[in-house]
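If you're wondering where the values come from, they're calculated on a predicted model, not measured in any experiment.
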Amino acid sequence: QVQPVESGGGSVQAGGSLRLSCAASGTIFSIVTMGWYRQPPGKQRELVATITRGGSTRYGDSVKGRFAISRDITENTVYLQMNSLKPEDTGVYLCNVEYVGGSLYWGQGTQVTVSS
């Protein structure tokens with residue numbers, strides 16, 4: 001497997017929207033979970049959202065109701081639609097892929113900056 005590739009970050013004003021994408025290698029049968037984490041400036045990495053092979057989703061408390069994770073199984077791609085963005089959503093967003101057998105791969109990250 002290789003490092004997942006993220007895209008879609010950028011700068012936006014508060015209340016705006018962004019959509020992130022993450023493409024992973026492998027087959028639909030080899031991926032267990034795909035998801036997004038973020039690292040705000042000076043803070044620890046935190047969960048944003050994950051989606052399993054079966055379609056179950058999980059969200060961090062701070063993004064519930066504003067963000068939505070989805071996937072394209074045929075393309076091994078996961079998306080994160082981010083609406084009603086707040087300045088506290090600023091950070092580096094990292095894609096995470098878990099494969100059968102327990103291997104974990106992280107993307108290099110994409111910067112999201114929300115200005116007030």
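In this structure a side-chain-to-backbone donor-acceptor pair under 3.5 Å is missing from Gln111 to Gly9. Between the side chain of Arg71 and the backbone N or O of Thr52, at least one donor-acceptor pair lies under 3.5 Å. Not a single donor-acceptor pair under 3.5 Å links the side chain of Thr113 to the backbone N or O of Thr90. Looking at Tyr59, its side chain does come within 3.5 Å of a backbone N or O of Ile69 through a donor-acceptor pair. For Gln39 (side chain) and Lys43 (main-chain N/O), a donor-acceptor pair under 3.5 Å exists by modelled atom type. A distance-only check finds no donor-acceptor pair linking the side chain of Thr50 to the backbone of Gly35 [under 3.5 Å].
Put simply, Val97 and Val92 are part of two different groups of oily side chains (I, L, V, M, F, W, Y) that touch within less than 4.5 Å, one to the next. In the hydrophobic clustering of ILVMFWY residues, with side-chain heavy atoms under 4.5 Å counting as a link, Tyr37 and Tyr93 come out apart. When hydrophobic clusters are built by joining Ile, Leu, Val, Met, Phe, Trp and Tyr residues whose side-chain heavy atoms come closer than 4.5 Å, directly or via intermediates, Trp36 is not grouped with Leu94.
The distance from atom CD of Gln13 to atom OG of Ser115, rounded to the nearest 0.5 Å, is 5.0 Å. Annotation: the span from Leu47 atom CG to Asn96 atom CG amounts to 10.0 Å, rounded to 0.5 Å. Taking CG of Asn83 as the start and CZ of Arg19 as the end, the distance is 11.0 Å to the nearest 0.5 Å. The OG atom of Ser30 sits 11.5 Å away from atom CD of Glu98, with the distance rounded to the nearest 0.5 Å.
Closest non-hydrogen pair, Pro87 versus Ser116, comes out as CG-CB, 3.9 Å. Annotation for Met34 and Cys22: closest pair CE-O, 3.9 Å, computed over non-hydrogen atoms. What you find for Ser17 and Ser84 is that their closest heavy atoms are OG-N, 4.4 Å.
The closest side-chain heavy-atom distance from Met82 to Asp89 is not below 4.5 Å. Side-chain contact check for Glu88 versus Pro40: every heavy-atom pair is 4.5 Å or farther apart. In this structure, the side chains of Ile31 and Arg53 stay at 4.5 Å or more apart for every pair of heavy atoms. At least one side-chain heavy atom of Leu85 sits under 4.5 Å from a side-chain heavy atom of Phe67. A heavy-atom distance below 4.5 Å is not found between the side chains of Cys95 and Trp106. When side chains are defined from C-beta on, Asp72 counts as touching Tyr79, because their heavy atoms get closer than 4.5 Å. Within the 4.5 Å cutoff, side-chain heavy atoms of Ser25 are placed close to those of Tyr99. Side-chain contact between Arg38 and Glu46 is present, with at least one heavy-atom pair separated by less than 4.5 Å.
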| Are Val112 and Leu20 close enough, and set up right, to give a side chain to side chain contact (heavy atoms under 4.5 Å, CB included), and what steps lead you there? | CA-CA 9 Å; Val112 171; Leu20 306 183; 4.2 Å; yes
| Trace of the side chain to side chain contact (heavy atoms under 4.5 Å, CB included) decision for Val2 with Tyr105 | CA-CA 8 Å; Val2 298; Tyr105 287 82; over 6 Å; no
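Other residues, nucleotides and ligands contribute at most 12 non-hydrogen atoms within 6.0 Å of the CZ atom of Arg58.
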